[in-house]
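It should be emphasised that the depicted structure is a prediction, and the values quoted were computed from it without experimental measurement.
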Amino acid sequence: AHPLQRQQRPLTSADLTDELQVVVRDSGIAHKQDVGWLNAGSRWTVTSLDSALEAVSNGLGFAWLPTHQVKSLLDTGALAPLNLREGRRYLADLYLVFGEPERVGPATRQLADILRQCVANARH
């Protein structure tokens with residue numbers, strides 16, 4: 001029932017500018033940075049993805065949320081993706097680094113293999 005969902009055309013960044021954007025605060029200690037689209041005139045910054053999902057689920061605004069977090073809500077129709085002209089998906093770089101590669105044990109290597117496989121499967 002959100003006003004952005006009622007539009008009968010693909011949404012532009014100008015459409016989003018007038019609506020409330022829900023953003024998750026960067027919890028890092030060093031190198032804080034703003035990433036993604038942050039041009040809405042009104043913005044709520046929350047401390048967790050769960051808080052962002054709750055705000056969006058209650059129709060308070062829009063947010064970019066991880067697919068795995070909202071999949072069941074999308075499947076049931078409780079949430080719907082915005083019909084964006086561009087920027088519908090946000091991709092981020094992911095790095096896997098071993099602090100001391102020579103000291104990595106079998107469990108850590110197996111976890112790394114699982115992470116690599118999950119990332120490879122998510123691309124398809």
Side-chain angles (χ1 to χ4, degrees):
H2 193 276
L4 290 173
Q5 289 293 354
R6 289 189 224 125
Q7 296 292 329
Q8 299 298 317
R9 58 175 172 70
L11 300 169
T12 66
S13 58
D15 296 313
L16 301 179
T17 302
D18 294 333
E19 299 296 333
L20 177 71
Q21 181 179 8
V22 180
V23 178
V24 179
R25 179 181 314 281
D26 179 356
S27 62
I29 296 170
H31 307 295
K32 289 186 180 279
Q33 56 183 323
D34 288 336
V35 178
W37 191 87
L38 299 171
N39 293 330
S42 299
R43 180 174 39 195
W44 279 2
T45 302
V46 297
T47 57
S48 70
L49 288 169
D50 289 334
S51 297
L53 180 57
E54 187 172 345
V56 170
S57 294
N58 286 301
L60 300 176
F62 72 93
W64 275 263
L65 296 168
T67 304
H68 72 274
Q69 184 182 21
V70 298
K71 183 175 181 345
S72 63
L73 295 170
L74 293 172
D75 290 346
T76 63
L79 279 183
L82 293 177
N83 181 17
L84 298 177
R85 181 182 297 166
E86 53 201 28
R88 188 172 185 150
R89 298 187 76 150
Y90 177 76
L91 302 175
D93 294 321
L94 180 65
Y95 298 92
L96 177 63
V97 179
F98 298 114
E100 296 181 51
E102 64 282 353
R103 297 188 64 177
V104 172
T108 303
R109 289 199 189 284
Q110 183 176 8
L111 175 60
D113 290 341
I114 291 168
L115 290 171
R116 286 184 189 106
Q117 185 176 4
C118 287
V119 169
N121 291 341
R123 290 182 186 162
H124 303 299

Between atom NE2 of H68 and atom SG of C118, what is the distance when rounded to the nearest 0.5 Å?
11.5 Å
Gap separating the CD atom of E86 from the OG atom of S13, nearest 0.5 angstrom:
6.5 Å
side-chain contact (heavy atoms from CB on, under 4.5 Å) between L82 and W64: does it pass, once the steps are laid out?
CA-CA 10 Å; L82 293 177; W64 275 263; over 6 Å; no
Close side-chain approach of E19 and P3, heavy atoms under 4.5 Å
yes
Taking the side chain as C-beta and beyond, is there a heavy-atom pair between P81 and L74 under 4.5 Å?
yes
Nearest-0.5 Å distance, CG of residue L11 to CZ of residue R85
9.0 Å
For V22 and A63, the nearest pair of non-hydrogen atoms, with its separation, is O-CB, 3.2 Å
E102 atom CD, over 12 foreign heavy atoms within 6.0 Å:
yes
Smallest separation among heavy atoms of V46 and A52, with atom names
CG2-N, 3.7 Å
Could you check whether any side-chain N or O of D15 sits under 3.5 Å from a backbone N or O of T12, counting only pairs where one atom can act as donor and the other as acceptor?
yes
Shortest non-hydrogen contact from L96 to A112?
CD2-CB, 3.5 Å
Close side-chain approach of L4 to N83, heavy-atom, < 4.5 Å
no
Distance (rounded to the nearest 0.5 Å) between F98 CZ and R109 CZ:
6.0 Å
Between Q5 and F62, is any pair of side-chain heavy atoms under 4.5 Å apart?
no
Just wondering, are more than 12 heavy atoms of other shown residues or ligands nearer than 6.0 Å to CZ in R9?
yes
Side chains of V70 and V56, heavy atoms from C-beta outward: is any pair under 4.5 Å?
no
Non-hydrogen side-chain atoms of S57 and E54 separated by less than 4.5 Å
no
Can you confirm whether L115 sits close enough to L94 that some side-chain heavy atom of one is under 4.5 Å from a side-chain heavy atom of the other?
no
Salt-bridged, D75 to K71, with N to O below 4.0 Å?
yes
Sub-4.5 Å side-chain heavy-atom contact between W44 and V23:
no
Could you please spell out the steps behind the side-chain contact (heavy atoms from CB on, under 4.5 Å) verdict for T47 and V24?
CA-CA 6 Å; T47 57; V24 179; over 6 Å; no
Could you give the distance from OG (S72) to CG (L79), rounded to the nearest 0.5 Å?
9.0 Å
Got a second to check how far Q21's CD is from L16's CG, nearest 0.5 Å?
8.0 Å
